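In what follows, chains are A, B, ... by sequence order, proteins preceding strands, each numbered from 1. The shown structure was predicted, so the numbers you read here are calculated from the model rather than taken from an experiment.
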Protein chains: 2
Amino acid sequence: MSHHLNNDAVASAAAVFAALGDPTRLALVERLSDGRAHSIVQLTSGIGLTRQGVTKHLSALEAAGIVASKRTGRETHFSIERQTLENSAAYLARVSRQWDETLGRLESLLAKTETPPKT
Amino acid sequence: MSHHLNNDAVASAAAVFAALGDPTRLALVERLSDGRAHSIVQLTSGIGLTRQGVTKHLSALEAAGIVASKRTGRETHFSIERQTLENSAAYLARVSRQWDETLGRLESLLAKTETPPKT
DNA sequence: AAGAAAGGCAACCATATAGTTGCCTTATCA
DNA sequence: TGATAAGGCAACTATATGGTTGCCTTTCTT
């Protein structure tokens, strides 16, 4: 049993990181992290970019599943998709902790007397 | 006190995500997550890319502080920088949890009058 | 010492990406 | 109902990016 994810999983995780890997988009995500839904004009103010530019970034975030949009009346409101961010955080935590786990397995191997490894 | 990070912090966080936002690089990071140092040829095998291509990706990861390299003899070994990944995981967790905090405040507001909705 | 193994450096190419401008549609409001 | 506000759609440009090939240097091995 490999500890690696399959290619598709890696690819979709990478897609999320790629979407987060732009200062403008990350700033948008931070703005949306207040939990409220914001319109495009709201999100455009103070970003130093045209509305269409912001729209493109929001589309990228939506395609990656980081935000969701809903049109009401003449405006489109964007809100954050918490689960996606949580999953990505968990992914990074897992990868960074693998070293610890390796150490842990090594230790239990060395301590080979009794207690079976958990999981 | 704003819950937003300053521009530099956002930019450097974005740089890390950008570096992770490529399937090849993420695969390299996963490989390095065994905690051992690997040479470039080792990392190249099975990636489906030329050595120089892999070198470029490793340089990108190193520039983002995700891996570190050390030349010994005729080979260069790359290892993971756990702290960077931990920080990024914590960052995402913070951003995604801000919503909870908001909800928490809202709920305690609602609780003063009536039974909170179940969403 | 000679060949092989590991890798650095640079040039080059194709495509993706970030950003713009221009224009059209649909709501809202006075 | 006419102006204005919000935004979708498309074309276009410049630069960044991912990947390659070619070649040179350094280190190891026999």
Side-chain angles (χ1 to χ4, degrees), chain A residues 7-8 10-32 36-80, chain B residues 7-8 10-32 36-80:
Chain A
N7 287 338
D8 286 356
V10 172
S12 70
V16 173
F17 291 132
L20 294 172
D22 175 278
T24 300
R25 283 195 293 267
L26 205 50
L28 288 170
V29 168
E30 287 224 8
R31 273 213 205 177
L32 289 171
R36 289 191 286 263
H38 298 259
S39 73
I40 297 180
V41 275
Q42 281 176 345
L43 291 169
T44 298
S45 90
I47 284 283
L49 217 80
T50 63
R51 174 181 57 82
Q52 289 88 338
V54 172
T55 297
K56 274 195 172 187
H57 283 301
L58 289 170
S59 301
L61 288 170
E62 186 167 29
I66 297 167
V67 304
S69 71
K70 181 165 183 240
R71 177 120 191 203
T72 45
R74 68 175 158 180
E75 40 195 6
T76 301
H77 287 97
F78 286 82
S79 54
I80 226 169
Chain B
N7 286 337
D8 285 358
V10 171
S12 70
V16 173
F17 291 132
L20 294 172
D22 175 276
T24 301
R25 283 195 293 268
L26 206 50
L28 289 170
V29 168
E30 288 224 7
R31 275 214 202 175
L32 290 171
R36 288 191 287 264
H38 299 260
S39 73
I40 296 182
V41 275
Q42 281 175 344
L43 292 170
T44 298
S45 91
I47 284 284
L49 218 80
T50 63
R51 174 182 57 79
Q52 290 88 337
V54 172
T55 298
K56 274 194 172 188
H57 282 302
L58 288 171
S59 301
L61 287 171
E62 186 167 29
I66 297 167
V67 305
S69 70
K70 181 166 183 235
R71 178 119 191 202
T72 46
R74 67 174 158 182
E75 41 195 6
T76 301
H77 288 96
F78 286 81
S79 54
I80 226 170

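The side-chain contact (heavy atoms from CB on, under 4.5 Å) search around A:Ala60 returns A:Arg25, not counting sequence neighbours. Under the side-chain contact (heavy atoms from CB on, under 4.5 Å) criterion, B:Ala18 pairs with no residue at all, not counting sequence neighbours. Under the side-chain contact (heavy atoms from CB on, under 4.5 Å) criterion, A:Ala64 pairs with A:Ala19, A:Ile66, sequence neighbours left out. For the side chain to side chain donor-acceptor pair (under 3.5 Å) test, no residue two or more places apart in sequence or in another chain qualifies with B:Ser79. Under the side-chain contact (heavy atoms from CB on, under 4.5 Å) criterion, B:Ala11 pairs with no residue at all, not counting sequence neighbours.
Residue pairs meeting the side chain to side chain donor-acceptor pair (under 3.5 Å) criterion with at least one member in residues 64-73 of chain B, sequence neighbours excluded, are B:Glu62-B:Ser69, B:Thr72-B:His77.
For the helix from C:dA1-D:dT30 to C:dA30-D:dT1, the axis fitted to the five pairs at one end and the axis fitted to the five pairs at the other end meet at an angle of 30° (nearest 10 degrees).
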Show me, pair by pair, the donor-acceptor contacts under 3.5 angstrom made by side chains of residues 49-56 of chain A, not counting sequence neighbours?
{"from": "A:Thr50", "atom 1": "OG1", "to": "A:Gly53", "atom 2": "N", "distance (Å)": "3.2"}
{"from": "A:Thr55", "atom 1": "OG1", "to": "A:Arg51", "atom 2": "O", "distance (Å)": "3.0"}

Under 3.5 Å, side-chain donor or acceptor atoms of residues 40-48 of chain B against the rest of the protein: list the pairs with distances, not counting sequence neighbours.
{"from": "B:Gln42", "atom 1": "OE1", "to": "B:Ser39", "atom 2": "N", "distance (Å)": "2.9"}
{"from": "B:Thr44", "atom 1": "OG1", "to": "B:Ile40", "atom 2": "O", "distance (Å)": "2.7"}
{"from": "B:Ser45", "atom 1": "OG", "to": "B:Gln42", "atom 2": "O", "distance (Å)": "3.3"}

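Between the CD1 atom of B:Ile80 and the CD atom of B:Glu30 there is a distance of 9.0 Å, given to the nearest 0.5 Å. Taking OG of A:Ser59 as the start and CZ of A:Phe78 as the end, the distance is 6.0 Å to the nearest 0.5 Å. The distance from the CG atom of B:Leu61 to the CG atom of B:Leu20 is 7.0 Å, given to the nearest 0.5 Å.
Residue whose closest nucleotide on DNA chain C sits further toward the 5' end, between A:Arg25 and B:Gln42: B:Gln42. In terms of position along DNA chain C, the nucleotide closest to B:Val41 lies nearer the 5' end than the nucleotide closest to the other residue of the pair A:Arg71 and B:Val41.
Contacts of residues 48-62 of chain A with DNA chain D (heavy atom under 4.0 Å): A:Arg51, A:Gln52, A:Thr55.
Minimum heavy-atom separation, A:Ala13 to B:Leu26: CB-CD2, 3.8 Å.
Nucleotides of DNA chain D with any atom under 4.0 Å from a heavy atom of chain A span, from 5' to 3', D:dA5 to D:dC9.
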Please write out the pairs of protein N or O atoms and N or O atoms of nucleotides 28-30 of chain C separated by less than 3.5 Å, giving the distance to one decimal.
none

